> 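One structure, pasted below without further comment.
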Amino acid sequence: MRDFGVEFLWGAATSAHQVEGANTNNDWWVWEHEIGTYAAASSGDGIDHYARYDDDFALLASLGHNAHRFSLEWSRIEPAPGAFSNATLDHYGRVLDSLHHHSITPVVTLYHKTLPRWFADRGGWTSRDALERFGRFAEVVGGRLGGSIAYACTVNEPQILPLFGYTVGRFPPAKTDRGLAEEVNTVLIAAHRVAVDALRAGDGAPRIGTCLQLVPMEPLDPEDLDDVTTTAWLRRLMVDSHIDDLRAGGDVGNFVGLQYYTRARIDASSPTLIAPPRAGVETTHMGWEVYAPGFGQMLRRIADAGLPVLVTENGIATNDDHQRVRYIASHLDEMRRAMHDGVDVRGYLHWSAFDNFEWNHGFAPTFGLVGIDRADGFRRVVRKSARAFEHVARTGEVASLRADDGVCERSR
Ligand code: BGC
């Protein structure tokens, strides 16, 4: 019996800087090439997806995907303030055509972590005209590409930059200032609304949403006042402020994206504010705890926003593909249960379609359903987990995955 309806969206996600290659005009490229940052490697050629998108989408279609999330690289579209590149907009037009040609529903992110250099140099999201600039970019995208976009994600994880870029200084612009973090968080909440208005004025009628990474958080030591107050501050910054804004009314879009990976224990004395997982728990290549019940909790929490939910990211970096299958199975099971309890989930996009550039960690963590042999001309290597996922996408049944290795052995 089907666990998910025939209309359900099944697919995977990427972002421009992580796969395209040669995105030399954004703040991350600068970060990767500066001495003394946390970046382990350059994104370099990525996985050469800018050139290979059509073959890549043909492959994903053959793996049963009926939806795909990718992002537009703002620094390519607007390489200098107000100067929009027609050639780049045409490129993304062809990318969208290719998805439609392969019967894949496009889910398009406007801003996924990278900022044009000129925007970052003016102070990024703290500059006075940041929202106006972003609104203009969204307007151009809506006007030129809106008619081909089924789902538009305005801002990817508006809470992660305030944490990693402005609180713990691990991402550009490497600030450690909680006041600024709150300011940027507020601006990014507003950026979503600005983009909604801009896209509504454009071509077509994309369904629009913001994409929140929700992390269940607990103080490392419930008796430690610093841990307790820092946890409360982070919950407000990263969860409550965003959900409250979506509930506040006005046009906040048509759906909300949920991205879920792990839970966290908050240690106020750690430079990253995050304690390592408890000894003995299952972890991923990133050192994150595998904790499927947290996915169910966050699906129920995000439902408070009062919008249909699209899972826009969920996945695992691992060298053990059987672990990936188990991760998918346990998380889809949680999703099925949350839906049974009334959470209106419309689709699931796994992170990621391909192994890719994992920010400060470079290419070492492998998140892909499809691996990339970088030593052999970026050859795409279909993993057994991709076949297992295909089975779910085609049948709408998660039960088969519980057999874990069985599915892997049976698959083509
Ligand atoms: C981001 C992705 C990233 C993934 C795994 C999310 O925070 O949107 O860009 O690769 O998590 O870290």
Side-chain angles (χ1 to χ4, degrees), residues 11-21 23 26-29 31-32 38-41 43 46-47 49 68-74 107-115 153-168 170-172 185 188 192 209-217 234 237-239 242 256-264 272 274 283-291 294-295 298 302 310-318 324 327-328 331 348-372:
T14 64
S15 89
H17 193 67
Q18 296 179 267
V19 294
E20 283 184 346
N23 275 328
N26 68 36
D27 59 340
W28 265 87
W29 185 272
W31 174 257
E32 292 155 27
Y38 288 96
S43 53
I47 63 164
H49 179 72
H68 181 71
R69 174 172 177 242
F70 72 100
S71 77
L72 306 173
E73 177 59 30
W74 184 1
V107 181
V108 180
T109 311
L110 263 55
Y111 160 53
H112 194 125
K113 276 196 171 68
T114 52
L115 295 171
C153 301
T154 54
V155 180
N156 179 70
E157 300 183 343
Q159 329 101 304
I160 294 297
L161 182 68
L163 174 62
F164 285 108
Y166 286 88
T167 307
V168 300
R170 285 337 207 226
F171 283 179
N185 197 53
L188 288 174
H192 167 61
T210 188
C211 295
L212 306 176
Q213 184 184 154
L214 296 192
V215 183
M217 290 179 265
L234 282 171
L237 183 84
M238 299 187 64
V239 183
H242 295 266
V256 59
L258 173 64
Q259 320 205 149
Y260 176 80
Y261 289 90
T262 186
R263 66 173 167 178
T272 62
I274 297 171
T283 57
T284 76
H285 185 137
M286 301 293 284
W288 302 343
E289 179 180 356
V290 174
Y291 185 63
F295 188 34
M298 295 301 104
I302 209 161
L310 194 57
V311 175
T312 39
E313 288 184 26
N314 172 242
I316 176 171
T318 179
R324 192 181 332 274
Y327 184 98
I328 295 172
H331 286 71
Y348 174 93
L349 302 170
H350 189 73
W351 185 272
S352 180
F354 307 100
D355 288 349
N356 60 47
F357 176 72
E358 176 54 26
W359 308 111
N360 282 336
H361 302 271
F363 289 94
T366 48
F367 274 95
L369 293 171
V370 176
I372 302 292

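No experiment lies behind these values; they were computed from the predicted model shown. As the structure lists them, so they are numbered: ligands from 1, and atoms in each ligand from 1.
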> With the threshold set at under 4.0 angstrom, would you say Asn156 reaches ligand 1 through any of its heavy atoms?
yes

> Among protein heavy atoms, which sits nearest to atom 4 (C) of ligand 1, and what does the distance come to when rounded to 0.1 Å?
Tyr261 OH, 3.4 Å

> Do any heavy atoms of Trp288 fall under 4.0 Å from ligand 1?
yes

> Looking at Trp31, Tyr38, Trp28, which one forms a side-chain hydrogen bond (donor to acceptor under 3.5 Å, both in side chains) with Asn360?
Trp31

> Begin from the C-alpha positions of Trp74 and Asn26 and carry the test side chain to side chain donor-acceptor pair (under 3.5 Å) through to its verdict.
CA-CA 8 Å; Trp74 184 1; Asn26 68 36; over 6 Å; no

> According to the interplanar angle, ranging from 0 to 90°, do the rings of His17 and Trp359 count as parallel (below 30°), tilted (30 to 60°) or perpendicular (above 60°)?
parallel

> What do you reckon, does Glu358 have a nitrogen or oxygen under 3.5 Å from a nitrogen or oxygen of ligand 1?
yes

> Show the atoms of ligand 1 that are less than 4.0 angstrom away from any heavy atom in Gln259.
8 (O)

> Hey, is the main chain of Leu237 close enough, under 3.5 Å, to the side chain of Asn185 for a donor-acceptor pair?
yes

> Does an N or O anywhere in Glu157 fall below 3.5 Å from an N or O of ligand 1?
yes

> Mark up the atoms of ligand 1 that fall under 4.0 Å of a heavy atom belonging to His112, in ascending order.
1 (C), 2 (C), 8 (O), 9 (O)

> Mark up the atoms of ligand 1 that fall under 4.0 Å of a heavy atom belonging to Gln213, in ascending order.
7 (O)

> State whether a side-chain donor-acceptor pair under 3.5 Å links Thr312 with Gln259.
yes

> Can Met286 be said to touch ligand 1, with heavy atoms closer than 4.0 Å?
no

> Of Tyr327, Tyr261, Tyr260, which meets ring pair (Phe, Tyr, Trp, His ring centres under 6.0 Å) against Phe295?
Tyr260

> If you take all heavy atoms of Ser352 and Ala13, which pair is closest and at what distance?
OG-O, 2.7 Å

> To check your reading of the model: name the closest protein heavy atom to atom 6 (C) of ligand 1, its residue, and the distance in Å.
Glu313 OE1, 3.0 Å

